[in-house]
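Atom set for the values below is all heavy atoms of this structure, side chains included, hydrogens, waters and symmetry mates excluded.
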Amino acid sequence: MKILKRTLKWVLYLLLIPTSYMVVSLLMTYITVNNDEVVNQSNKAVYLTTNGVHLDIIIPYDLLEIKLKNPLKVKETDTYVAFGWGDENFYIHTPTWGDLTFNNAFGALFLKSTTLMHVTRYSQVHKTWSKVYVSSAQLEKLNAYILSSFKKDTQNDILHVPDSGYSRRDTFYKANGSYSCFKTCNSWANSAFKESNLKACFWTPFDFGLIHKYE
């Protein structure tokens, strides 16, 4: 009987960890920061998009700073450029959710791992994107945050991953930082907005939190 009680006790403790994580995450997701940062009559806009789990920040070609545009060799025909950050193993080995395995998910969330920047090029706006108006100052900070996420070599050049990407319109680059359940692809995007003085969540590991701020 004592063994059964002790076992149940440890099971409850184990269940408490993910439950607490979810509750705290949801609470912080619905706390808005920079809510008073209103862009008045701005004609500049960036976009947010999600594949249902993962957020990308999309910046029009004309609003990309030279320091970010030139190293990526972005062309004028790449009218819109999307940026995402995430776990390297997860990105490379899980191109679709059908490829998701327990080992990949566990490693991304709980083990220290290298990360990648995912850059995707588009020719037009998609109707599912969420539009975000930005001031010149906010745009400058957003460009700087994204650029700082790329890992660079001793020559200060960004590190391209050879033969990478899911199609002809996307590419992977080495990134700074380590992925975890506290720093996810979505918290990276949220931090980009937060540090750019754009409306954002206090913190969130989810995609819907930031998207909902602009609906």
Original post:
Are any of the side-chain heavy atoms of Y145 and F83 separated by less than 4.5 Å?
Top reply: no
**OP:** Can you run down the salt bridge (Lys or Arg N to Asp or Glu O under 4.0 Å) pairs that involve residues 155-176, sequence neighbours left out, and say none if there aren't any?
**Re:** E88-K174
Original post:
In terms of hydrophobic clustering (I, L, V, M, F, W, Y; side-chain heavy atoms under 4.5 Å; direct or indirect links), are V125 and L139 co-clustered?
Top reply: no
Original post:
Is the backbone N or O of N143 less than 3.5 Å from a side-chain atom of E65, with the two atoms forming a donor-acceptor pair by type?
Top reply: no
Original post:
Looking at side-chain heavy atoms only, is the closest gap between S187 and F182 below 4.5 Å?
Top reply: no
**OP:** Considering non-hydrogen atoms only, spot the tightest contact between K213 and A200 and give its length.
**Re:** CE-O, 4.0 Å
**OP:** Give a yes or no answer on whether the side chain of T50 reaches the backbone of G52 with a donor-acceptor pair at less than 3.5 Å.
**Re:** yes
Subject >> Side chains of M117 and W188 in contact at under 4.5 Å (non-hydrogen atoms) >> reply: yes
**OP:** Decide whether W203 and I31 are clustered together by the hydrophobic rule: side chain heavy atoms of Ile, Leu, Val, Met, Phe, Trp, Tyr closer than 4.5 Å, transitively.
**Re:** yes
Original post:
Do Y61 and E76 touch side chain to side chain, with heavy atoms closer than 4.5 Å?
Top reply: yes
Original post:
Do you know the tightest heavy-atom contact between L64 and V81?
Top reply: CD1-CG2, 3.7 Å
Original post:
Going by distance alone, is a donor N or O of one side chain under 3.5 Å from an acceptor N or O of the other, for R121 and T171?
Top reply: yes
Original post:
If you take all heavy atoms of I58 and A82, which pair is closest and at what distance?
Top reply: CG1-CB, 3.6 Å
**OP:** Check L116 against A175 and note the closest heavy-atom contact, atom names and distance.
**Re:** C-CB, 3.5 Å
**OP:** Nearest 0.5 Å please: distance from the NZ atom of K141 over to the CD1 atom of I146.
**Re:** 14.5 Å
**OP:** For residues Y80 and W129, establish whether the separation of their ring centroids is below 6.0 Å.
**Re:** yes
Subject >> Donor-acceptor under 3.5 Å (N176 side chain, S148 main chain) >> reply: yes
**OP:** Enter the distance from K69:NZ to L147:CG here, rounded to the nearest 0.5 Å.
**Re:** 13.5 Å
Subject >> Backbone N/O of V161 and side chain of S164: donor-acceptor pair under 3.5 Å >> reply: yes
Original post:
How about H118 and Y166: are their ring centroids closer than 6.0 Å?
Top reply: yes
Subject >> Side-chain donor or acceptor of W85 paired with backbone N/O of Y179 under 3.5 Å >> reply: no
**OP:** Flag this pair as yes if the NZ/CZ of K199 is under 6.0 angstrom from the six-membered ring centre of F193 and inside a 45 degree cone about the axis; otherwise no.
**Re:** no
**OP:** Flag yes if L63 and V74 sit in one hydrophobic cluster, no otherwise; membership is Ile, Leu, Val, Met, Phe, Trp, Tyr, and two members link when side-chain heavy atoms are under 4.5 Å apart.
**Re:** yes
**OP:** For side chain to side chain contact (heavy atoms under 4.5 Å, CB included), just list the numbers for L55 and F206, CA-CA rounded to whole Å, side-chain angles, deciding distance to a tenth of an Å, and then say yes or no.
**Re:** CA-CA 9 Å; L55 276 176; F206 311 116; over 6 Å; no
Original post:
Going hydrophobic residue to hydrophobic residue with side-chain gaps under 4.5 angstrom, can you get from L68 over to V132?
Top reply: yes
Subject >> Set of residues satisfying side-chain contact (heavy atoms from CB on, under 4.5 Å) with respect to S130, sequence neighbours excluded >> reply: L48, I211
Original post:
At their closest point, which heavy atom of G209 faces which heavy atom of C201, and how far apart are they?
Top reply: C-SG, 3.5 Å
Original post:
Just wondering, do L159 and F150 contact through their side chains at under 4.5 Å, heavy atoms?
Top reply: no
Original post:
Checking side chain to side chain contact (heavy atoms under 4.5 Å, CB included) for the pair Y133/V46: CA distance, chi angles, key distance, verdict?
Top reply: CA-CA 6 Å; Y133 287 101; V46 298; over 6 Å; no
**OP:** Given side chain to side chain contact (heavy atoms under 4.5 Å, CB included), test Q124 with T79 step by step and report yes or no.
**Re:** CA-CA 7 Å; Q124 60 185 10; T79 317; over 6 Å; no
Subject >> Flag, side chain of Q138 to backbone of S135, donor-acceptor distance under 3.5 Å >> reply: yes
Subject >> F202 atom CZ, neighbour heavy-atom count above 12 within 6.0 Å >> reply: no
Original post:
Out of curiosity, N89 CG to D87 CG, how far, rounded to the nearest 0.5 Å?
Top reply: 6.0 Å
**OP:** Taking all non-hydrogen atoms of both residues into account, name the closest pair between P205 and T29 and its distance.
**Re:** CD-OG1, 4.3 Å
Subject >> Verdict with reasoning, V119 to H160, per side chain to side chain contact (heavy atoms under 4.5 Å, CB included) >> reply: CA-CA 11 Å; V119 179; H160 170 250; over 6 Å; no
Subject >> Spacing of I59 atom CD1 and Y47 atom OH [to the nearest 0.5 Å] >> reply: 12.0 Å
**OP:** State the CG-CG distance between N51 and D56, to the nearest 0.5 angstrom.
**Re:** 7.5 Å
Original post:
When rounded to the nearest 0.5 angstrom, what is the spacing between CZ in F172 and OG1 in T120?
Top reply: 7.5 Å
**OP:** Give a yes or no on whether the backbone of K75 and the side-chain of D78 come within a donor-acceptor separation of less than 3.5 Å.
**Re:** yes
Original post:
Do K183 and S178 meet the criterion of a side-chain donor-acceptor pair at a distance under 3.5 Å?
Top reply: no
